[in-house]
Amino acid sequence: MATTKDEKAVNITPARSNEAPALSEKYDEKVGGVHEIGLDRIDSEEAQVIEGHLDVTEEDLLQAKAAAETLSLEEVVKLMKNVVSMHGRDPNFPHVVLEKIQEFLANEENILSNPEKHHDIITEMKIEAALIQSNSPYAEVRAVVDNTDDPSTPCSTIRSWTIGILFSVILAFVNQLFSVRQPSISIESNVAQLLAFPLGKAWEKWMPYYEFTLFGTKHNLNPGRFSKKEHMLIAIMANTAKSLPYTQYIVWTQVLPQYFNQPYANSFAYQILIALSTNFIGYGLAGITRRFIVYPSYCVWPASLVTIALNSALHHEENHTVPGPFKRLYNMSRFKFFMWAFGAMFVYFWFPNYLFEALTFFSWMTWIAPNNLNLNILTGFQNGTGMFNPFPTFDWNVMLFDAVDPLMVPAFTTFNKTFGMAFFGFIILGIWYTNVWNTGYLPINSNRVFDHHGSLYNVSRAINEKGMFDEAKYMDYSAAYLSAANTIVYFAFFAIYAATISHIILFHRAEIAIGFKNIWKAVKPKGWIKRNAAGQSIEEEDVGYKDVHNRLMAVYPEVSELWYLGCLVIAMALGFAGVAAWPTYTTAGVVPYGLFLAIIFVIPIGIIKAMTGIEVTLNVLAEFIGGAWVEGNALAMNFFKSFGYVTCAHAISFANDLKLAHYIKIPPRHTFTAQMVATLISTLVCTGVLNFQVNIENICQPNAPMRFFCPGINTFFTAAVLWGTIGPVKVFGIHGQYKWLLLGFPIGLCIPVIFWLVIRKFPRNKFIRQFHPVALFYGGLNWAPYSMSYCWPAVPIAWLSWIYVRNRYLAFWSKYNFVLSAAFSAGIAVSGIVMLFSVQWARVSVEWWGNTQPYTGCEDTACTIKTLSEGERFFPWWDANKVPAP
């Protein structure tokens with residue numbers, strides 16, 4: 001819990017990498033002398049030009065200039081070749097900088113021979129090389145992440161562990177208890193991080209200074225100033241503990257009589273085994289894939305930057321004046337800016353969320369004629385597509401519907417997903433208006449499943465008393481039908497899985513090769529280490545380059561891959577026990593199945609999440625494969641879905657936390673321990689609360705107390721029956737209802753190839769370089785029930801922040817952008833919790849036009865282009881002899 005003896009070291013500051021060989025004598029005197037003079041002669045006007053060319057602030061330039069004087073030209077050339085190899089296809093890497101580097105390397109021979117004739121480009125390249133080695137090549141990372149570290153800073157202390165465990169218990173308890181409420185209540189990690197700060201400062205002020213020794217290590221009850229590292233360790237524990245065991249959905253559907261009614265699932269041993277297995281199995285993969293998705297500098301992890309910005313705003317006492325818009329200088333500290341923005345959003349969110357809901361659902365065009373079908377379909381917020389409403393909302397929370405903040409992720413992510421959503425939106429309109437697959441009888445943008453009367457599908461009419469598929473009852477009822485938008489969502493899911501694999505192979509195979517080489521070096525037997533003639537080991541160079549954060553973290557003992565592998569093996573063993581020891585009617589093979597699926601996708605999904613901020617989830621693929629494998633067995637399909645989806649999702653989440661720790665310079669072993677402890681606490685608390693919840697009278701019933709209506713569990717059960725009992729073969733099989741949607745797989749596989757060929761044809765085209773095929777398909781996933789009204793508002797925000805302000809006022813943007821994102825998110829979260837436990841809990845409503853107008857006409861009840869009279873139905877369009885249908 002305290003800093004170990006091995007971790008105590010002198011303060012580390014960015015230093016010149018000694019990995020590159022020294023400049024050959026041929027160029028040493030000539031180039032070194034010329035460049036030293038060049039660096040010294042940089043005036044303010046030239047500095048501004050360099051800042052623009054290299055996408056740096058004045059402060060970054062000053063730091064890089066000092067380090068650049070120690071670099072030889074040969075070192076710069078070698079580093080820049082590595083940079084082009086690793087970042088040539090990186091849309092986050094500044095395009096203007098990449099062009100400068102390519103120009104430099106294209107003229108390498110001439111520059112080396114006549115350096116005095118290329119003073120300007122040599123100056124810029126040495127500064128860029130120094131910037132890459134002593135900081136990050138990305139302005140967004142430099143904006144919030146320090147490039148220095150003090151290993152003596154308190155991190156794993158009595159204080160951090162006490163507060164971290166406290167918030168782990170609170171978040172797990174509250175999130176689990178109210179997860180079945182409609183609407184649910186959850187406390188996010190940013191709220192815990194915000195609330196932990198005053199607790200840490202109070203501990204700092206009032207706890208006595210008391211030193212003691214435990215297990216041979218000295219500890220202090222009050223180690224002094226509440227540090228950034230302690231605070232981030234608490235945030236990592238809270239972020240880990242907030243996630244509920246996914247297997248709770250399985251337990252709910254097993255235990256309750258209105259679902260599968262299997263009393264054995266009340267066993268605490270059964271519940272804890274499957275929960276521990278799914279919660280810990282992801283750690284093994286997260287640790288093993290660190291060298292692919294955590295350590296490389298191109299893995300930015302945009303979500304981490306907002307968390308760090310909040311941490312920095314609360315702890316940084318330094319404040320620098322920066323130039324900004326309106327030709328003014330801004331000297332407000334990050335902390336003060338955060339508090340003002342937090343307070344403003346806390347107050348403002350009361351209006352769209354409670355007092356004036358029309359600000360959220362600003363379908364102003366539909367208010368002209370609420371019952372006009374076409375007007376609602378084209379511009380409606382809730383039951384339309386929102387394709388042609390330029391001002392759909394004034395609620396910041398709407399833009400966070402998919403947890404992708406336009407201030408947080410790169411602009412190309414926002415533009416790609418919005419373009420993709422708009423493209424698929426036109427296809428949805430075409431499908432619906434032409435009544436393809438009888439979608440004209442159904443709401444255009446619903447994620448629900450319907451029967452052939454246009455009513456919601458009643459799954460109980462297609463299963464027997466054991467929850468198994470009953471073909472006779474099914475044939476007496478109806479096949480399952482999807483809305484126009486929902487069909488496109490499934491197509492986009494199939495396409496994005498294939499696109500993820502092909503995109504990574506084409507665009508990032510070099511980075512993956514580097515990861516495999518470096519992981520081999522880490523696990524290579526000592527006897528295989530190369531040695532020189534004197535018998536001394538020869539340390540092979542890392543392929544690529546180590547950025548400053550990797551070099552700073554090198555002082556701390558690493559977590560062995562064997563630790564993560566051991567965690568993986570134990571988690572799998574617990575899964576085998578949980579599935580096999582009770583009558584789950586499921587093969588224990590679901591555990592290695594989930595692991596195998598995650599192994600295929602974790603690195604591709606991790607790289608995409610780290611670079612774009614968007615995450616591809618495997619829930620539909622796991623559901624699809626599981627349902628086809630165990631057709632007719634909904635419970636078994638649930639296990640396939642849980643292990644197939646959660647293993648990869650948890651690995652990605654834990655990798656994000658590892659990157660957080662990497663940026664803040666938390667010792668890896670402290671991070672590993674914190675994640676393990678928080679996960680164990682969360683699993684035990686959630687399982688205990690679950691045991692209490694299932695015994696609440698009328699839980700998950702229409703008359704349930706405290707609004708415990710269980711909407712998520714109802715959806716999970718419906719999906720289980722449809723895709724586990726009826727099965728994806730009937731729906732998506734070669735003779736099935738929606739077989740054409742499987743074209744998503746080959747199309748998704750081919751689209752990245754087309755982009756790759758186009759980029760190779762036009763490698764210098766900045767516009768083409770910003771297209772990202774996975775992000776385009778991700779836009780298609782956002783339909784049903786969300787519309788363009790949720791996605792479009794992020795575009796002007798992203799342009800204003802990432803294009804306009806960043807390009808003109810980089811220092812201003814670096815200081816305030818991510819702090820603003822953190823402040824708005826925290827303000828919404830705290831304001832929402834206060835509202836929920838006050839006026840909404842007491843069911844105090846404000847009835848007036850601003851709260852009723854959004855729910856009139858087709859925005860209240862979805863309109864359809866075709867209607868059915870009483871008792872009328874529509875009919876299958878596929879061959880009922882091959883896939884039986886009523």
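All values below were derived from every heavy atom in this structure, side-chain atoms included, with hydrogens, water molecules and symmetry-related copies excluded.
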Practice prompt. Please assess Thr240 against Gln675 for the test side-chain hydrogen bond (donor to acceptor under 3.5 Å, both in side chains), listing each intermediate value before the final yes or no.
Written response: CA-CA 6 Å; Thr240 302; Gln675 288 181 314; 4.8 Å; no
Worksheet item: Can the positive tip of Lys665 be found less than 6.0 Å from the middle of the six-membered ring of Tyr663, inside 45° of the ring normal?
Response: no
Worksheet item: Going by distance alone, is a donor N or O of one side chain under 3.5 Å from an acceptor N or O of the other, for Asn397 and Asn353?
Response: no
Discussion item. I'd like to know whether the aromatic ring centres of Trp723 and Tyr490 sit less than 6.0 Å apart in this structure.
Written reply: yes
Worksheet entry | Heavy-atom pair with the smallest gap, counting every atom of Pro711 and Val180 | CD-O, 3.8 Å
Worksheet item: Crowded around Phe596 CZ? As in, over 12 foreign heavy atoms under 6.0 Å?
Response: no
Item to complete: Apply salt bridge (charged side-chain N to carboxylate O under 4.0 Å, His left out) to the pair Arg461 and Asp470, showing each step before the final yes or no.
Response: CA-CA 9 Å; Arg461 295 182 61 180; Asp470 190 319; over 6 Å; no
Practice prompt. Test side-chain hydrogen bond (donor to acceptor under 3.5 Å, both in side chains) on Asp402 and Tyr778 and set out the steps.
Written response: CA-CA 10 Å; Asp402 60 346; Tyr778 177 81; 3.1 Å; yes
Response to the item:
Checking Val579, Ile274, Leu276, Ile272 against Leu574 for side chain to side chain contact (heavy atoms under 4.5 Å, CB included), the one that qualifies is Leu276
Practice prompt. Please find out if less than 6.0 Å separates the ring center of Phe280 from that of Tyr283.
Written response: yes
Worksheet item: Do other residues, nucleotides or ligands put more than 12 heavy atoms under 6.0 Å from Phe709 CZ?
Response: yes
Worksheet item: Given the rule in the salt bridge (charged side-chain N to carboxylate O under 4.0 Å, His left out) test, do Glu631 and Lys730 qualify, once you have shown the distances and angles that lead to the verdict?
Response: CA-CA 10 Å; Glu631 189 175 11; Lys730 294 184 181 68; 3.2 Å; yes
Fill in: Heavy-atom donor-acceptor pair, Thr647 side chain to Gly644 backbone, under 3.5 Å
no
Worksheet item: Asn656 and Ser304: side-chain hydrogen bond (donor to acceptor under 3.5 Å, both in side chains), yes or no, with the steps?
Response: CA-CA 7 Å; Asn656 184 40; Ser304 299; 2.7 Å; yes
Discussion item. Taking the ring centre of each residue, are Phe777 and Phe493 less than 6.0 Å apart?
Written reply: no
Discussion item. I want to know whether Phe640 and Tyr593 have ring centres closer than 6.0 Å.
Written reply: yes
Worksheet item: Can you check whether Leu568 reaches Leu595 side chain to side chain, under 4.5 Å on heavy atoms?
Response: yes
Discussion item. Phe672: which residues meet the ring pair (Phe, Tyr, Trp, His ring centres under 6.0 Å) condition with it, sequence neighbours left out?
Written reply: Trp563, Tyr564
Worksheet entry | Spatial distance of atom CG (Leu166) from atom CD1 (Ile681) [nearest 0.5 Å] | 10.0 Å
With a 3.5 Å cut-off and sequence neighbours excluded, list the donor-acceptor pairs that the side chains of residues 685-693 form with protein atoms.
from	atom 1	to	atom 2	distance (Å)
Thr687	OG1	Thr683	O	2.7
Asn691	ND2	Gln271	OE1	2.5
Asn691	ND2	Thr687	O	3.0
Gln693	OE1	Gln176	NE2	2.9
Gln693	NE2	Gln176	O	3.0
Gln693	NE2	Leu177	O	2.9

Discussion item. Measuring only between side-chain heavy atoms, which start at C-beta, is Phe643 closer than 4.5 Å to Asn638?
Written reply: no
Worksheet entry | Over 12 non-hydrogen atoms of neighbours within 6.0 angstrom of CZ in Arg707 | yes
Practice prompt. Can you run down the salt bridge (Lys or Arg N to Asp or Glu O under 4.0 Å) pairs that involve residues 671-689, sequence neighbours left out, and say none if there aren't any?
Written response: none
Worksheet item: Parallel under 30°, tilted from 30 to 60°, perpendicular over 60°: which one fits the rings of Tyr786 and Phe401?
Response: tilted
Worksheet item: Will you find, in the side chains of Tyr246 and Asn279, an N or O donor that is under 3.5 Å from an N or O acceptor?
Response: no
Worksheet, complete the sentence: ring pair (Phe, Tyr, Trp, His ring centres under 6.0 Å) test vs Tyr259 passes for just one of Phe717, Trp252, Phe716, namely Phe717
Item to complete: With sequence neighbours left out, write down each residue that passes disulfide bond (SG atoms under 2.5 Å apart) with Cys299, or none if nothing qualifies.
Response: none
Response to the item:
With sequence neighbours left out, the residues meeting side chain to side chain donor-acceptor pair (under 3.5 Å) with His231 are His315
Practice prompt. Measure the shortest side-chain to side-chain distance between Thr307 and Met232 over non-hydrogen atoms and say whether it is less than 4.5 angstrom.
Written response: yes
Worksheet entry | Side-chain donor-acceptor pair present, Tyr249, Gln254, cut-off under 3.5 Å | no
Worksheet item: Quick one: CD1 on Ile666 to CG on Asp657, what's the gap to the nearest 0.5 Å?
Response: 9.5 Å
Item to complete: Tell me, please, which residues at least two apart from Lys609 pass side chain to side chain donor-acceptor pair (under 3.5 Å).
Response: Glu615
